[in-house]
Amino acid sequence: ATVQQALSPWNSGERIIATPAASYAAVLREGRALNLGGGIHDLLIAHTCADAGLSLATLDRRQATLARTIPGLAVNL
């Protein structure tokens, strides 16, 4: 299958969530204190879920630990 075919179930406007500017600002504020380095994208994904009112499902323990620092975000590991 092509990438387009594999991703087609998720390729709709209702399933794509934009990350608000406030999330980028929060990640830049928090990322250094958390010593994230290149893993800063994990925290940005978690903030995006929180801002959209979605829970975060991840297999990454480090991401789950970071996500649990965000008040009100449900994390499923």
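Because only heavy atoms are used, hydrogens play no part in the values below, and waters and symmetry mates are left out as well, while side chains stay in. Not measured: the values here are computed from a predicted model.
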**Asked** Which residue pairs pass the side chain to side chain donor-acceptor pair (under 3.5 Å) test when at least one of the two sits in residues 66-77, sequence neighbours left out?
**Response** none

**Complete:** Residues at least two apart in sequence or cross-chain that pass side chain to side chain donor-acceptor pair (under 3.5 Å) with S8, listed by chain then number, are none

**Request:** Mind listing the closest non-hydrogen atom pair of L73 and C49 along with its distance?
**Result:** CD1-CB, 4.0 Å

**Request:** Considering non-hydrogen atoms only, spot the tightest contact between A18 and T48 and give its length.
**Result:** O-CG2, 4.2 Å

**Nearest-0.5 Å distance that lies between atom CZ in R61 and atom CG in L77** = 6.0 Å

**Request:** First locate atom CG of L43, then atom CG of L28, and finally report the distance between them rounded to the nearest 0.5 Å.
**Result:** 10.0 Å

**Asked** Can you get from L66 to Y24 by hopping between Ile, Leu, Val, Met, Phe, Trp and Tyr side chains that sit under 4.5 Å apart?
**Response** yes

**Asked** Do T19 and H47 pass the side chain to side chain contact (heavy atoms under 4.5 Å, CB included) test, and can you show the C-alpha distance, the side-chain angles, and the key distance before you say yes or no?
**Response** CA-CA 8 Å; T19 303; H47 271 282; over 6 Å; no

Extract all donor-acceptor atom pairs below 3.5 Å that involve side chains of residues 50-60 and protein atoms in other chains or at least two apart in sequence.
{"residue": "D51", "atom": "OD2", "partner": "S23", "partner atom": "OG", "Å": "2.1"}
{"residue": "T58", "atom": "OG1", "partner": "D60", "partner atom": "N", "Å": "3.0"}
{"residue": "T58", "atom": "OG1", "partner": "Q63", "partner atom": "OE1", "Å": "2.8"}
{"residue": "D60", "atom": "OD1", "partner": "R62", "partner atom": "N", "Å": "2.9"}
{"residue": "D60", "atom": "OD1", "partner": "Q63", "partner atom": "N", "Å": "3.2"}

